[in-house]
Every structure is written in C-alpha cells, then in structure tokens.
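Here's the structure, in structure tokens; my notes come after.
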Amino acid sequence: MPDTLHLLESCLVAALRAAVPSAPADVDPQVRPTANPQLGDYQANLAMSLAKKLGQKPRDLALAITAQLAHTAAGVVASAEVAGPGFINLRLAADFLQRQTAAMLVDPRLGVAPAAQPEKVVLDYSAPNVAKEMHVHHIRSTCIGDALARVLMFLGHQVARQNHLGDWGTQFGMLLEHLLDQGWTAASSRPIEDLNSLYQQAKSRFDAEPAFAERARKRVVALQAGDPTSVAIWKALTEESLKHFRTAYARLGVLLTDDDIRGESFYNDLLAPTVEELHAKGLAVESQGALCVFPPGFLDRDGNPAAMIIRKSDGGFLYATTDLATLRHSVDDLKGTRLIYVTDARQAQHFAMVFKTAELAGWLQGNVRAEHVPFGTILGKDNKPFKTREGGAAKLADLLDEAEERARRIIEEKNPSLSADEKQQIAHAVGIGAVKYGDLAIDRVKDYVFDWDRMLNFDGNTAPYLQNAYVRIQAIFRKGSLDPQAAAGYPIVFTDPVERSLALKLLQLPAVIDSVAQALEPSRLCGYLYDLASLYHQFYEKCPVLTADSPAVRDSRLALSSVTARTLQKGLDLLGIATIERM
RNA sequence: GCCCUCGUAGCUCAGUUGGAUAGAGCGACGGCCUUCUAAGCCGUAGGUCGCAGGUUCGAAUCCUGCCGAGGGUGCCA
C-alpha cells in the first residue's frame with residue numbers, strides 16, 4: 001500500500017511543478033498533520049517558505065498550488081483551502097482513508113515499508129559492569145537501546161547488537177587484588193550480591209591504602225598480560241556476573257543474549273595497534289608521560305587544548321583507547337555504516353572527542369557515521385539521582401520486584417476473579433511494561449523523576465493505558481466469539497467523526513516509525529501510541545461494535561478494532577513491551 | 001574560567017526539527033456504568049513557554065547576552 005504521507009507529498013510537489021514549472025523537483029512540501037482537526041487532516045506549508053524564492057506572494061502561490069491539486073491529488077484530497085499567510089489545509093477523501101485503512105488491516109507490516117536502503121547498524125547498549133549488580137540506572141541504556149534495535153530491525157536494517165560489558169581495566173586490578181588477599185582461587189565462587197560488596201571494599205581500600213592501590217595497578221598489567229591466576233579468577237567473576245545479567249535481561253524482556261557480548265576484554269588485543277596507528281599518523285603525542293590525542297575544538301580547564309589520554313604513563317589503556325578500538329572494529333570487521341552508542345549524557349564530550357579523533361585518523365569517512373545517543377539521569381522525588389532510602393545505589397532487581405508487586409496489588413483489587421497464574425502473568429507484563437514505558441516515553445536527553453504513580457497510572461501516557469486499550473479490543477472479539485483475523489477484508493465505513501480520526505491516526509504509523517529511526521527517539525512512538533489508544537477509548541465510548549446498527553457498520557468497527565489492536569501490539573512490541581489478553 | 005545539556009500549568013511531562021488559539025496526566029471541582037473491561041469517557045479551573053534582545057510572513061522551537069539547575073573539563077568509565 002502507498003504510504004499516506006508520501007503520497008500527499010508527491011501530490012503537492014506535482015501540483016507545485018504544474019503551477020510553477022521552474023520550481024525545483026526536490027523541494028520539501030512540508031506536509032504534516034494539522035494541530036487543529038477543525039482546519040483539516042493535513043497541512044502543507046511550502047508556499048510560505050518558497051514564495052520569496054519564486055518571486056510570488058505566498059497566498060498567490062498557495063492558491064496556484066491548490067488549483068492544481070484537483071488534478072494531482074484526485075481521489076486522495078477531497079478539499080484544499082488556503083488559510084492565513086499561505087497554509088494549504090487538506091481534507092482527505094473519506095473513501096481514500098477507508099481504503100487505506102482496509103489495506104493496512106491486511107498488510108502484515110501495517111503499511112510500514114522496509115527501508116529503501118538497508119544499512120548495517122552497529123548498536124552499542126546496556127553495558128553493565130562485571131562484578132557489580134545492575135542498578136536502576138541501567139534500565140536507561142538497556143531499554144532505549146533495545147527499542148532502537150527493534151525499530152531499526154523492523155525497518156529492515158541489519159543490526160549488530162553490542163553489549164560492551166565493563167569487564168576489563170583498572171577496577172579489576174583492585175578487585176582481583178582484594179580477592180587474592182582474601183585467599184581466593186579460581187574455584188572460589190560467590191553470588192553477585194557478595195561480589196558487589198567485595199567490590200565496594202576493594203574500592204575503599206584503593207582510595208585509602210596507597211600500597212594496595214599500587215598492587216592493584218600492577219594486577220591490571222598482569223591481567224592484561226595473561227597471568228593465569230588473574231585470568232582464572234577474572235573468568236569466574238565474569239561467569240557469575242553473566243548469570244545475573246541473563247536473569248535481568250530475561251525479566252526485562254530485552255533481545256540481548258550472550259552472542260551480543262563484546263566486553264572491553266574483547267578489544268584487548270586491538271588496543272596496542274590502535275595506539276600505534278594514531279602515533280604513526282602523528283595524531284598521538286606524549287605529554288606528561290602519557291600518550292594523548294588533542295582533537296581540535298576542545299579545551300581543558302586552563303584553556304589549553306584538551307587531552308584525550310589513550311595510554312597512561314604506566315602503559316595501561318583507558319576507555320578512550322577501548323572506544324577507538326571498538327569503533328575501528330565496528331567499521332572494519334562488522335562493516336557498519338551507522339554506529340550508535342547509547343550511553344549516559346555525561347559521556348557526550350568523550351564521544352565527541354573519540355569521533356573527532358576517528359575522523360582525523362580516517363576511520364570514519366564516506367557514508368559511515370557515528371552517533372552518540374545520550375540520555376539523562378533518573379532522579380528521586382528529591383530531584384537528586386535515584387537512591388534507596390538508605391542512600392545506596394538502588395538495585396534494578398529490587399525495582400522490578402516492586403513494580404510487579406504494585407501491579408499485582410492493583411490487579412487483585414480490580415479483577416480478583418482471575419486465576420493466580422493469570423494474575424502473576426499480568427502483573428509481570430504490566431509492572432515491567434510500566435517501568436520500561438516510563439523510561440522510554442520521556443524525551444531521552446532529559447533527567448526525569450522516577451514516580452510510581454505516573455508509571456502505573458491507568459490514565460495518561462503509560463504502558464497500562466495502552467495495554468488496556470488492547471485488552472478492551474480483545475474483550476470485544478472474545479464476547480462476540482470472533483477471531484480478530486476474521487476482520488481482515490471487511491470494508492471500512494465512517495459513521496462517526498471519531499472513526500475517521502482513528503483511521504487518520506492509524507495511517508500515521510509509518511511516518512512515526514521513520515521519525516524514531518532517524519532521531520533515535522523512542523518517545524515519539526510512545527506519544528503516537530498514546531494518541532492512538534486515546535482515540536480508541538473515545539471510539540469505544542461512542543461506537544458500539546457488537547451491537548452496531550447494521551452488519552456493515554459492525555464489520556467496519558470490527559475491522560477498525562482489529563487494525564488498532566495490531567498497531568498497539570506492534571508498537572508496544574517495538575518498545576519491548578508485552579500485550580495481554582485480560583487485565 | 002571554558003564547553004555541553006536542561007528550564008513549558010501547583011506537580012510530572014508532551015509539543016511531529018520554524019507553523020495557526022501551547023497540549024496531556026496527576027491533584028481540585030462537576031457529570032457519565034441494567035448496555036463490548038468505569039483499569040474508561042465528557043466537562044470546568046489552572047500559562048509572561050526562566051529573563052531580555054535579535055533573525056522573519058510566523059519563535060516554546062533558531063541566534064546573542066544574562067539568571068537558575070545538572071554535567072564535563074589528563075592518567076575511573
């Protein structure tokens with residue numbers, strides 16, 4: 001099926017070219033849904049920005065374009081009116097909308113065309129640290145990255161998920177040294193909770209005992225050189241951590257598997273060659289005993305060129321080295337043309353320096369581009385970074401427990417007759433979904449306040465609200481003993497304005513998905529799904545389905561319900577959130 | 001000091017890359033269930049879009065300067 005927005009755009013460009021033959025063919029007609037439905041379905045704003053270039057008055061140009069639309073948009077646009085300084089307000093033909101929606105109903109892809117030019121995307125996200133428990137903050141990279149992976153894959157891109165575990169480097173020196181002091185061997189094993197506190201002990205000693213810190217630094221070098229004892233314990237720690245990560249990922253319902261693990265240790269052998277090449281190219285120079293790159297455009301606190309250290313004075317490597325090696329691997333070995341890094345906004349300058357260095361080194365060139373996808377901090381009610389009541393880092397597992405427990409209590413109250421199994425399943429889908437959606441629905445780059453009442457509310461832009469819209473549709477089909485699939489092929493007719501509004505919204509799905517893939521901003525999909533669910537709830541109030549006035553209207557409403565359900569389900573799936581049959 | 005991000009209703013947040021009269025939810029107030037899930041819908045109240053300039057047909061959105069918050073700024077990541 002032709003995409004509604006693209007179709008309108010080509011109608012507008014054709015009308016422009018018919019009205020003004022000298023107009024450029026690649027002009028953006030600036031077609032978008034109107035903010036105010038009273039004015040029309042879509043508006044085209046090209047006349048105002050183009051008028052000056054073409055030497056015409058905006059309104060005259062708009063009128064000339066409008067006159068041509070009768071030919072170029074026959075059967076699609078029912079009316080086009082010029083308003084204000086030169087807006088062209090478009091009202092689409094009802095039968096066009098009805099046919100488009102019916103086509104969407106039978107299309108397995110819901111009208112979303114695969115990308116014209118599929119890309120190899122290397123997507124770096126999640127990246128928890130070995131020997132530490134996952135904490136609340138990890139939901140950000142993990143959920144945002146996972147949603148982006150799903151959207152890009154749905155558009156037909158090849159996505160290489162990269163879980164860049166923190167499994168190497170300075171912190172392991174201190175942890176290993178501390179464990180060896182305690183008599184650890186490779187056979188020692190402790191659950192992740194204990195490792196977490198051992199790590200904290202090691203950190204305190206590192207900060208307080210210079211002699212220990214010195215041994216810890218030497219231990220890093222030993223580990224990186226392959227010392228058997230160090231490596232054996234390191235492997236045991238890693239395996240224990242992987243168990244913990246697998247549990248967390250399964251619970252969150254994200255795509256990541258062991259196959260996606262590309263920890264820092266994976267790049268160990270690439271670090272020295274990367275440094276050597278930068279040195280050979282004259283980009284890295286020695287400064288105060290360390291090897292540094294000074295990418296242009298960055299200043300330190302004294303106003304001097306800012307250093308990015310790629311080799312410490314003791315010979316060790318830092319995360320800049322690893323990130324540069326990772327980037328090269330992504331380009332040279334994985335053949336990625338779009339490299340995406342989903343990390344904390346605090347690393348923005350670090351990545352800007354890494355990308356600039358990679359450009360200068362010739363590793364990022366041509367159609368290959370690297371993008372940092374920054375996100376803000378999760379805050380508590382006190383507007384400070386989210387902590388437990390005791391002031392420690394809040395564990396992700398505890399948060400998810402509480403989410404499911406809160407959801408379970410609400411279900412118990414609202415729908416006590418469900419079976420225990422079903423309550424548990426619903427509590428899981430609703431609780432986890434609410435937390436993930438709460439994270440995804442907010443403009444990525446902003447800090448946000450973690451608020452159970454916002455996330456688990458059944459009104460407003462929340463996962464439960466969307467899940468409930470889906471559940472209500474399933475209830476209709478269940479009540480009528482009908483298969484939602486059976487509605488495929490039913491013609492759609494509008495008998496109430498809300499049906500038309502619902503169809504218009506449904507047909508905006510492709511544009512929204514494209515926009516998410518381009519801006520790497522899942523909240524846009526959330527906003528769309530919320531609008532859609534809200535319209536469906538209005539439809540549900542005003543338009544009885546099973547008891548509609550005629551069989552034709554009933555079938556049409558079944559069709560609208562069916563395609564809405566599929567759109568909600570697909571949209572939530574792209575966000576990594578489950579739908580349920582009852583709640 | 002320099003650089004980056006953010007500042008929208010009492011609270012939590014949207015605002016389709018510059019479009020028309022800035023929208024939701026919570027909280028407050030008032031309606032709607034013998035009828036497909038009221039886990040919903042409808043209505044009322046609530047705004048100097050941090051402040052001041054600028055750019056233009058048009059600015060919450062872009063530019064400049066202030067104010068405020070957070071972050072970064074060489075041997076952690």
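Computed over heavy atoms, backbone and side chain alike; hydrogens, waters and symmetry mates excluded. Throughout, protein chains are lettered first and strands after them, A, B, ... in sequence-line order, and every chain is numbered starting at 1.
At B:C76, one or more side-chain N or O atoms of A:K312 fall inside 4.0 Å of OP1 or OP2 (strictly under the cut-off). A close approach under 4.0 Å does occur between a side-chain nitrogen or oxygen of A:K52 and OP1 or OP2 of B:C57. Remark: A:R32 is in phosphate contact with B:U17, judged by side-chain N or O atoms under 4.0 Å from OP1 or OP2. In this model, the phosphate group of B:G7 is not approached by any side-chain N or O of A:Y448 to a distance below 4.0 Å at OP1 or OP2. The shortest distance between the side-chain N/O atoms of A:R217 and the OP1/OP2 oxygens of B:C75 is not below 4.0 Å. Side-chain N/O atoms of A:K381 include none lying less than 4.0 angstrom from OP1 or OP2 on B:C11. Of the side-chain N and O atoms in A:K384, none sit less than 4.0 angstrom from OP1 or OP2 of B:A69.
Within the 4.0 angstrom heavy-atom criterion, base atoms lie near A:L39. At a threshold of 4.0 angstrom between heavy atoms, the contacts of A:Q518 include nucleobase atoms, whether or not backbone atoms are also involved. In this structure, A:P58 reaches neither bases nor backbone, as no heavy-atom distance under 4.0 Å exists between it and the strands shown. Residue A:I442 is classed as a sugar-phosphate contact, given heavy-atom separations below 4.0 Å to backbone atoms only. No contact: A:P464 has no heavy atom under 4.0 Å from any strand. If you check every strand for non-hydrogen atoms under 4.0 Å, A:R301 touches a base. Note on A:C526: nothing from the nucleic acid sits closer than 4.0 angstrom, heavy atoms only. If you check every strand for non-hydrogen atoms under 4.0 Å, A:A519 touches a base. Residue A:N457 is classed as a sugar-phosphate contact, given heavy-atom separations below 4.0 Å to backbone atoms only. Residue contacts for A:Y465: at a heavy-atom cut-off of 4.0 Å it reaches the sugar-phosphate backbone alone, with no base atom in range. Within the 4.0 angstrom heavy-atom criterion, base atoms lie near A:R524. A:S515 comes within contact range of no nucleotide atom at all, as no heavy-atom separation falls under 4.0 Å.
The side chain of A:A475 sits closest to B:U37 out of B:A14, B:C75, B:U37. Here the side chain of A:H537 is nearest to one of B:C41, B:C57, B:C36, namely B:C41. With B:G74, B:A77, B:C13 as the choices, the nucleotide that has an atom nearest any side-chain atom of A:V449 turns out to be B:C13. Checking B:G7, B:G74, B:U16 against every side-chain atom of A:P33, the shortest atom distance belongs to B:U16. Picking from B:U73, B:G19, B:C36 the nucleotide with the shortest atom distance to the side chain of A:D300 gives B:U73. Among the nucleotides B:C76, B:G74, B:A77, the one closest to the side chain of A:Q347 is B:A77. The A:D459 side chain lies nearest to B:G25 when the options are B:A20, B:C76, B:G25. Picking from B:C26, B:G19, B:G74 the nucleotide with the shortest atom distance to the side chain of A:Q43 gives B:G19. Taking the side chain of A:Q349 as heavy atoms from C-beta on, and the options B:G25, B:U73, B:G74, the nearest nucleotide is B:U73. When distances run from any side-chain atom of A:V445 to the nucleotides B:U5, B:G70, B:G74, the shortest one goes to B:U5.
For the C1' atoms, the distance linking B:C75 with B:A14 amounts to 43 Å, nearest Å. Between the P atoms of B:G19 and B:C66, the separation comes to 28 Å (whole Å). Of the C1' atoms belonging to B:U17 and B:U44, the separation is 35 Å, rounded to the nearest Å.
Atom CZ of A:R346 is separated from atom P of B:A77 by 15 Å (rounded to the nearest Å). As a whole-Å value, the separation of A:N36 CG from B:G15 C1' is 15 Å.
Counting heavy-atom neighbours within 6.0 Å of A:E81 CD, excluding the residue itself, gives a total of 12 or less.
Base pairing annotation: B:U56 forms no Watson-Crick or G-U wobble pair, as no partner gives both donor-acceptor distances under 3.5 Å. Of the nucleotides present, none pairs with B:A22 by Watson-Crick or G-U wobble criteria with both distances under 3.5 Å. Across all strands shown, B:G74 remains unpaired; no Watson-Crick or G-U wobble contact has both distances below 3.5 Å. The partner of B:A45 cannot be assigned: no Watson-Crick or G-U wobble pair with both contacts below 3.5 Å exists in any strand. Partner assigned to B:G7 is B:C67, using Watson-Crick or G-U wobble distances below 3.5 angstrom. The partner of B:U17 is absent, by the rule that a Watson-Crick or G-U pair needs both atom distances under 3.5 Å.
Classification of B:U48 as anti follows from a glycosidic angle more than 90° from 0. With a glycosidic angle no more than 90° from 0, B:C33 adopts the syn conformation.
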Subject >> Criterion salt bridge (charged side-chain N to carboxylate O under 4.0 Å, His left out) on A:R557 and A:E499, from CA distance to verdict >> reply: CA-CA 8 Å; A:R557 289 176 179 172; A:E499 292 171 308; 3.0 Å; yes

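Annotation: side chain of A:R524 is not in contact with side chain of A:Y528 (no heavy-atom distance under 4.5 Å).
A salt bridge is defined here as a Lys NZ or Arg NE, NH1 or NH2 lying under 4.0 Å from an Asp or Glu carboxylate O, and A:E405 with A:R408 meets this definition. Using a cutoff of 4.0 Å between basic side-chain nitrogens and carboxylate oxygens, A:R346 and A:D344 are scored as salt-bridged.
Stacking of the aromatic ring of A:Y530 onto the base of B:A24 is not found under the criterion of centres within 5.5 Å and planes under 30°.
In this structure, A:F355 has its ring center closer than 6.0 angstrom to the ring center of A:Y341. Outside the 6.0 Å centre-distance limit, the rings of A:F386 and A:H135 are not counted as a close aromatic pair.
Classification of the A:F351-A:H372 ring pair by plane angle, with boundaries at 30° and 60°, yields parallel.
Rounding to the nearest 0.5 Å gives a distance of 10.5 Å between CG of A:D447 and CD1 of A:I442.
Judged by distance alone, with hydrogens and angles left aside, A:Q171 brings no side-chain donor or acceptor close enough to the base of B:A77 to form a pair under 3.5 Å. One donor-acceptor pair, N or O on each side, does fall under 3.5 Å between the base of B:G74 and the side chain of A:S287.
Toward the 5' end of RNA chain B, the nearer of the two residues A:E264 and A:F477, judged by each one's closest nucleotide, is A:F477. Mapped onto RNA chain B by nearest heavy atom, A:A83 and A:N415 fall at different nucleotides, with A:A83 at the one closer to the 5' end.
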